[in-house]
J.: 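Can you read through this structure? Questions will come right after.
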Number of protein chains: 2
Amino acid sequence: MTGTEVRPLRRDAQRNRERIIAAAREVFAARGFAATLDDVAHHAGVGVGTVYRRFPTKEALVEAVFSDRLEDLVTLAEESLAAPSAWDGLTGFLRRSARMHAVDRGLRDAALSMDEHHFVQAGEHIVPLVEQLMDRAHAEGTLRPDAGFRDFPIIMAMVTDLARHSAECRPDLFERYLELVIDGLRARPDNGSLGTEPSEADVRGVMRECVPPLESRRR
Amino acid sequence: MTGTEVRPLRRDAQRNRERIIAAAREVFAARGFAATLDDVAHHAGVGVGTVYRRFPTKEALVEAVFSDRLEDLVTLAEESLAAPSAWDGLTGFLRRSARMHAVDRGLRDAALSMDEHHFVQAGEHIVPLVEQLMDRAHAEGTLRPDAGFRDFPIIMAMVTDLARHSAECRPDLFERYLELVIDGLRARPDNGSLGTEPSEADVRGVMRECVPPLESRRR
DNA sequence: GCCGAAGTGGAGGATGTTCCTCAACTTCGG
DNA sequence: CCGAAGTTGAGGAACATCCTCCACTTCGGC
């Protein structure tokens, strides 16, 4: 009683589907979720209709392209947890994931949509890992105590936003300011005070605000 | 031979002009340069046509509203230069100007448009002041040597961008991350290295990218 | 080869946004 | 009182994006 007969695609259709996904990867990398399905279609050398036939909504395509890319972030976090020094693990993760987000704006948008339907799963994987990275650095005494794991996504949002704005002239400029932030994260006797930590809702709010809507007009 | 007869406005017209500027101040503060002249008109309780009669382009209105507001930044910088400690002067300027930009998004957009035609003058006033603030802190030994005055606008852009994204849920959230950056700016023996300083062109590029176009369709 | 089902293309309608004009009307003030 | 100055806001022009639709092409089992 499988309601869904999973008829395989015709050979040419399958080829086009793959072309579309490849094109989407490129286009989303360059323009993020703001990219148009028309854009993707042109890049794939395919009519718009074909894209809409294969992926009825932008969400569907985005999910197809990025659900596994997000797993890369998870493995990166796991690797970083294995670092001998907690500080190096944490800052390495910051640097490397920021670089990934800078190179692939679609990945950034996906990561910042983590509480959205499609990506919750990856989100649930990553959050505790980041939490651990922070905890270990706290325990080690290298990370300032008033920085919490909720600061992580906001720092990422802030820094990759800069990456977005400098993409045309200096795609690597964000690294400079990330280093500044990282140096600011170090535990020091005379650090200023950071004020109240953001709430879960604040984080969500900022993340949502940093990503293009991705909504469908269809109802 | 004054080609421009400066006929004074009729009383009611003058009143409307002022209403429009007041409304523009509010609307631009809330939505930045992205605000519409239609928006301004409604807020002023005036027809759109009236706005366009008084200010033929958005540029004209923006200039009327912000050219003196930018002077506030200049005086703030001058005050900060008078601070007894160079570090406190510099960081105070960072904090206070960031707060001004967070409260008034139009001011932010104006400040980030400093190389644009209208605001060059204010720009020419501020740049050397910021330079002095930095130099003094360098001389004092409190500011890390590898941070230059060109980092200032980029830090401001980055932090106020965050302010923009958190405006709805936590308008003050940017302060937390500004503190982080400020702590990162402190001279310390074991600071990481920042990499190459941005060029003048990089700064310009980022600033332009951070502000809505403000272009007119008219030619 | 043939033919029906599967697949394709891309012009174009629907919808939305912003800019700005203009012709009929209102108000001011000498 | 009347002409000049001012006002209004519907609506046209320009643009962007989404997505549909149907005449057409291609596949692949027979």
Side-chain angles (χ1 to χ4, degrees), chain A residues 4-24 27-28 30-64 106 109 211-219, chain B residues 4-24 27-28 30-65 105-106 109 211-219:
Chain A
T4 50
E5 292 277 338
V6 220
R7 199 106 75 74
L9 290 178
R10 228 167 64 178
R11 187 111 37 83
D12 55 338
Q14 181 57 33
R15 184 168 28 81
N16 276 343
R17 202 190 118 96
E18 274 150 24
R19 266 196 207 161
I20 288 168
I21 289 192
V27 172
F28 283 136
R31 307 222 290 121
F33 287 1
T36 296
L37 290 207
D38 295 50
D39 249 357
V40 173
H42 282 113
H43 251 74
V46 147
V48 213
T50 305
V51 175
Y52 279 97
R53 157 173 278 261
R54 245 8 111 206
F55 302 94
T57 66
K58 212 199 266 192
E59 275 98 331
L61 180 54
V62 160
E63 195 183 0
D109 288 349
V211 176
L214 193 64
E215 79 226 329
S216 168
R217 185 181 301 152
R218 204 192 282 151
R219 50 207 115 144
Chain B
T4 50
E5 292 278 339
V6 220
R7 200 107 73 74
L9 289 180
R10 227 166 67 176
R11 187 109 38 83
D12 56 337
Q14 181 57 33
R15 185 165 32 79
N16 275 345
R17 204 191 117 95
E18 274 150 25
R19 267 195 207 163
I20 288 169
I21 290 192
V27 172
F28 283 135
R31 307 223 291 123
F33 286 2
T36 298
L37 291 208
D38 295 49
D39 249 358
V40 174
H42 282 113
H43 251 74
V46 147
V48 213
T50 305
V51 176
Y52 281 96
R53 157 174 277 260
R54 245 10 109 203
F55 303 95
T57 66
K58 211 200 269 193
E59 275 96 331
L61 180 55
V62 159
E63 194 182 0
V65 170
R105 236 167 99 178
D109 288 349
V211 175
L214 193 64
E215 79 228 328
S216 169
R217 183 181 305 152
R218 205 191 282 152
R219 49 209 117 149

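Below, read A as the first sequence line, B as the second, and so on, with proteins coming before strands; counting in each chain starts at 1. This structure is a prediction, so every number in the text was calculated from the model and none was measured.
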J.: Suppose we define a pair by two distances each less than 3.5 Å, Watson-Crick or G-U wobble; what does C/dG30 pair with here?
T.: D/dC1
J.: Could you state the atom-to-atom distance from CZ of A/Arg11 to P of C/dT8 in whole Å?
T.: 14 Å
J.: In whole angstrom, what separates A/Arg15's CZ from D/dT26's P?
T.: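 To the nearest whole Å, that distance equals 11 Å.
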J.: I need the CD1-P distance between A/Ile20 and C/dT8, as an integer number of Å.
T.: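 Going from A/Ile20 (CD1) to C/dT8 (P), I get 7 Å.
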J.: How many Å lie between CG on A/Asp39 and C1' on C/dG10, as a whole number?
T.: 15 Å
J.: Using atom CG of A/Asp38 as one end and atom P of C/dG13 as the other, report the distance to the nearest whole Å.
T.: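 In whole Å, C/dG13 P and A/Asp38 CG are 16 Å from each other.
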J.: Nearest heavy-atom pair of A/Phe55 and A/Ala64: which atoms, and what distance?
T.: CE2-CB, 4.0 Å
J.: Suppose the criterion is salt bridge (charged side-chain N to carboxylate O under 4.0 Å, His left out): which pairs have a residue in residues 43-62 of chain A, not counting sequence neighbours?
T.: none
J.: With a 4.5 Å heavy-atom cut-off, do A/Ile20 and A/Leu61 have their side chains touching?
T.: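 Yes, close enough: below the 4.5 Å cut-off.
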J.: Quickly work out the B/Leu37 CG to C/dT17 C1' distance and round it to whole Å.
T.: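 One finds 14 Å between C1' of C/dT17 and CG of B/Leu37, rounded.
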J.: Atom NZ of B/Lys58 to atom C1' of C/dT17: distance rounded to whole Å?
T.: 12 Å
J.: B/Ala22: which residues meet the side chain to side chain contact (heavy atoms under 4.5 Å, CB included) condition with it, sequence neighbours left out?
T.: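 B/Ala22: no side chain to side chain contact (heavy atoms under 4.5 Å, CB included) contacts found.
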J.: With sequence neighbours left out, what residues match B/Arg10 under salt bridge (charged side-chain N to carboxylate O under 4.0 Å, His left out)?
T.: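 Applying salt bridge (charged side-chain N to carboxylate O under 4.0 Å, His left out) to B/Arg10 gives B/Asp12.
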J.: For B/Gln14, which residues count as a side chain to side chain donor-acceptor pair (under 3.5 Å) partner, sequence neighbours excluded?
T.: B/Glu18
J.: Compile the donor-acceptor pairs under 3.5 Å between side chains in residues 33-46 of chain B and protein atoms, sequence neighbours left out, one pair per line.
T.:
{"unit_1": "B/Asp39", "atom_1": "OD2", "unit_2": "B/Arg31", "atom_2": "NE", "d": "3.2"}
{"unit_1": "B/Asp39", "atom_1": "OD2", "unit_2": "B/Arg31", "atom_2": "NH2", "d": "2.9"}
{"unit_1": "B/His42", "atom_1": "ND1", "unit_2": "B/Asp38", "atom_2": "O", "d": "3.1"}

J.: In whole Å, what is the span from the CG atom of B/Leu61 to the P atom of C/dC19?
T.: 12 Å
J.: Going 5' to 3' along nucleotides 3-9 of chain D, which nucleotides have protein heavy atoms under 4.0 Å from the base (write B), which only from the sugar-phosphate (write S), and which from neither (write -)?
T.: -BBSBBB
J.: Using the side-chain heavy atoms of A/Tyr52, tell me which of these nucleotides is nearest: D/dG28, C/dC19, D/dC19.
T.: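 Between D/dG28, C/dC19, D/dC19, the one nearest the side chain of A/Tyr52 would be D/dC19.
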J.: Any side-chain N or O of A/Thr36 below 4.0 angstrom from OP1/OP2 of D/dA16?
T.: no
